[in-house]
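A note on names: the letters A, B, ... follow the listed sequences, proteins ahead of strands, and every chain is numbered from 1.
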Protein chains: 2
Amino acid sequence: MFELDVRSRKPIYEQLVEKLKQLIINDVLKEDEKLPSVRELAQQLTINPNTIQKAYRELETQGYIYSLKGKGSFVHPSGKVDNEEELKKVREELKKLFAEAIYLGMTSEEIAALLREVEGGQQDD
Amino acid sequence: MFELDVRSRKPIYEQLVEKLKQLIINDVLKEDEKLPSVRELAQQLTINPNTIQKAYRELETQGYIYSLKGKGSFVHPSGKVDNEEELKKVREELKKLFAEAIYLGMTSEEIAALLREVEGGQQDD
DNA sequence: CTACTGTACTAGGAGTAATAATACAGTTAA
DNA sequence: TTAACTGTATTATTACTCCTAGTACAGTAG
């Protein structure tokens with residue numbers, strides 16, 4: 001499915017969250033598609049099931065997946081995500097990053113161009 | 001100068017980097033202004049000098065300050081920052097965050113509005 | 001019932017963050 | 001030059017988080 005760097009300073013479960021988030025956002029994992037089970041993915045990646053579960057829990061908190069006891073974990077459909085908490089964090093992050101980018105020399109137009117680029121590649125709903 | 005959360009999961013030196021970066025970006029700390037010395041700030045915040053130094057080293061790597069042995073650490077003037085390494089990271093971060101924001105339901109216009117908001121508050125050079 | 005699923009808990013080892021103490025090197029002013 | 005400041009580096013120790021391992025409970029589907 002993908003690879004992890006166990007020697008990285010970044011925790012494995014955080015790497016997992018990022019990678020899975022990318023797969024969901026880029027529509028590699030489709031809406032309501034079932035993710036590998038905690039134990040299954042743990043075996044594939046040769047890491048502990050607890051670590052997988054920690055990543056899944058985080059993804060659920062952030063609104064990217066939903067889990068049903070006994071059934072599995074599934075991709076949360078985009079557009080139906082309603083997570084004001086997470087949106088607030090993202091807005092704050094965006095503001096910080098904009099200020100940072102400008103300080104380092106990027107122009108607003110460069111940033112806007114980057115946005116259009118990403119926007120073109122998404123087109124959900 | 002500011003406060004830190006020693007109980008946070010986020011390392012103290014990272015909190016320091018963020019806070020100082022904000023002060024620099026928001027022009028609270030002016031160009032070429034001298035930062036508190038490692039020992040002085042350590043005493044003020046009741047934390048170890050090594051932790052301060054780690055934060056300063058990181059800020060220097062990212063291009064926000066420069067340090068002169070025997071003299072002190074100073075704010076790196078905006079506009080004169082030339083850190084392609086750091087810019088690359090910021091661009092990647094922006095792209096990730098844009099995709100994330102869109103997935104969570106933000107429109108491009110909302111994001112663009114946020115950019116204009118930040119842009120208005122900066123106006124360096 | 002059986003075999004899957006998610007979820008929770010405890011205990012232990014490994015690695016990083018932070019502290020403490022010391023030292024060296026360069027600047028500045030008396 | 002000396003004294004007092006600056007950044008920088010090193011080592012040892014403690015505290016905390018990540019990760020693992022093992023076990024257990026709850027819900028689902030055949």
Side-chain angles (χ1 to χ4, degrees), chain A residues 1-21 23-24 29-30 32-76, chain B residues 1-21 23-24 29-30 32-76:
Chain A
M1 201 168 198
F2 43 64
E3 300 192 352
L4 300 171
D5 180 9
V6 289
R7 292 177 191 170
S8 168
R9 308 94 195 118
K10 176 166 289 188
I12 295 177
Y13 80 93
E14 280 187 18
Q15 294 181 50
L16 260 170
V17 168
E18 277 202 22
K19 301 252 182 182
L20 286 169
K21 206 186 282 190
L23 292 181
I24 292 172
L29 294 171
K30 312 290 184 183
D32 293 312
E33 179 173 340
K34 189 175 176 305
L35 296 172
S37 80
V38 166
R39 293 171 180 81
E40 187 185 339
L41 188 52
Q43 197 170 18
Q44 278 183 29
L45 302 176
T46 335
I47 58 181
N48 194 280
N50 293 330
T51 307
I52 306 288
Q53 204 228 329
K54 192 168 182 179
Y56 277 17
R57 193 192 310 145
E58 178 63 20
L59 282 168
E60 187 164 19
T61 300
Q62 292 189 22
Y64 287 87
I65 69 173
Y66 59 94
S67 296
L68 302 177
K69 200 182 281 185
K71 300 190 73 172
S73 296
F74 306 84
V75 176
H76 195 127
Chain B
M1 200 165 201
F2 42 64
E3 300 191 353
L4 299 171
D5 180 9
V6 288
R7 292 176 190 171
S8 167
R9 306 93 197 124
K10 176 166 288 187
I12 295 177
Y13 82 94
E14 281 188 17
Q15 293 180 50
L16 261 170
V17 169
E18 277 202 22
K19 302 251 181 183
L20 286 169
K21 206 186 280 188
L23 293 180
I24 292 172
L29 294 171
K30 313 289 185 184
D32 293 314
E33 179 174 340
K34 187 175 177 305
L35 296 173
S37 81
V38 166
R39 293 171 181 81
E40 186 184 338
L41 188 52
Q43 197 169 18
Q44 277 182 30
L45 301 177
T46 338
I47 59 181
N48 195 280
N50 293 333
T51 307
I52 306 287
Q53 204 228 329
K54 191 168 184 180
Y56 278 15
R57 192 192 311 147
E58 178 63 22
L59 282 168
E60 187 163 19
T61 301
Q62 293 189 21
Y64 288 87
I65 70 174
Y66 58 95
S67 297
L68 302 177
K69 199 182 282 186
K71 301 191 75 173
S73 297
F74 307 84
V75 176
H76 195 127

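The distance from atom CD of B/Gln53 to atom CG of B/Leu41, rounded to the nearest 0.5 Å, is 12.5 Å. Atom CD of A/Gln44 and atom CD1 of A/Ile52 lie 9.0 Å apart (nearest 0.5 Å). For the atom pair A/Leu45 CG and A/Thr51 OG1, the distance stands at 10.0 Å (nearest 0.5 Å). Rounded to the nearest 0.5 angstrom, B/Asn50 CG and B/Arg57 CZ are separated by 9.0 Å.
Classification of the B/Tyr66-B/His76 ring pair by plane angle, with boundaries at 30° and 60°, yields perpendicular.
Of the two residues near DNA chain C, A/Tyr56 and A/Ser8, the one whose nearest nucleotide lies more 5' is A/Tyr56.
Nucleotide C/dT19 holds its P atom 13 Å from the OH atom of B/Tyr13, rounded to whole Å. If you measure from atom CZ of A/Arg7 to atom P of C/dG15, you get 11 Å, rounded to the nearest angstrom. Spacing between atom CD of A/Glu14 and atom P of C/dT16 amounts to 14 Å, rounded to whole angstrom units. If you take NZ of B/Lys71 and C1' of C/dT27, they are 8 Å apart, rounded to a whole angstrom. Taking atom NZ of A/Lys10 as the reference point, atom P of C/dA17 lies 14 Å away to the nearest angstrom. Distance, A/Phe74 CZ to C/dG6 C1': 11 Å, rounded to whole Å. A/Ile12 has its CD1 atom 12 Å from the C1' atom of C/dG15, to the nearest Å. C/dG6 atom C1' lies 14 Å from atom CG of A/Leu41, rounded to whole Å.
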I'd like a table of atom pairs between the protein and nucleotides 22-25 of chain C - only N or O on both sides, under 3.5 Å - with the distance next to each one.
unit_1, atom_1, unit_2, atom_2, d
C/dA23, N6, B/Arg39, NH2, 3.4

| request: Test side chain to side chain contact (heavy atoms under 4.5 Å, CB included) on B/Ile65 and B/Leu20 and set out the steps. | output: CA-CA 10 Å; B/Ile65 70 174; B/Leu20 286 169; over 6 Å; no
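Considering only side-chain N and O atoms, B/Thr51 lies nowhere under 4.0 angstrom from the phosphate OP1 or OP2 of C/dA18.
Crowding of A/Gln43 atom CD: a count of heavy atoms from other residues, nucleotides or ligands under 6.0 Å not exceeding 12.
Judged by distance alone, with hydrogens and angles left aside, B/Asn48 brings no side-chain donor or acceptor close enough to the base of C/dA18 to form a pair under 3.5 Å.
For the pair A/Pro36/A/Tyr56, a side-chain contact is recorded, criterion being any heavy-atom separation below 4.5 Å from C-beta on.
Here the options are A/Val6, A/Val17, A/Asp5, A/Asn48, the test is side-chain contact (heavy atoms from CB on, under 4.5 Å), and the partner is A/Ile12; only A/Val6 passes.
Of all nucleotides in DNA chain D, those with any atom nearer than 4.0 Å to a heavy atom of chain B start and finish, going 5' to 3', at D/dT6 to D/dT10.
Note on A/Glu60: only backbone sugar-phosphate atoms sit closer than 4.0 angstrom, heavy atoms only; bases stay farther off.
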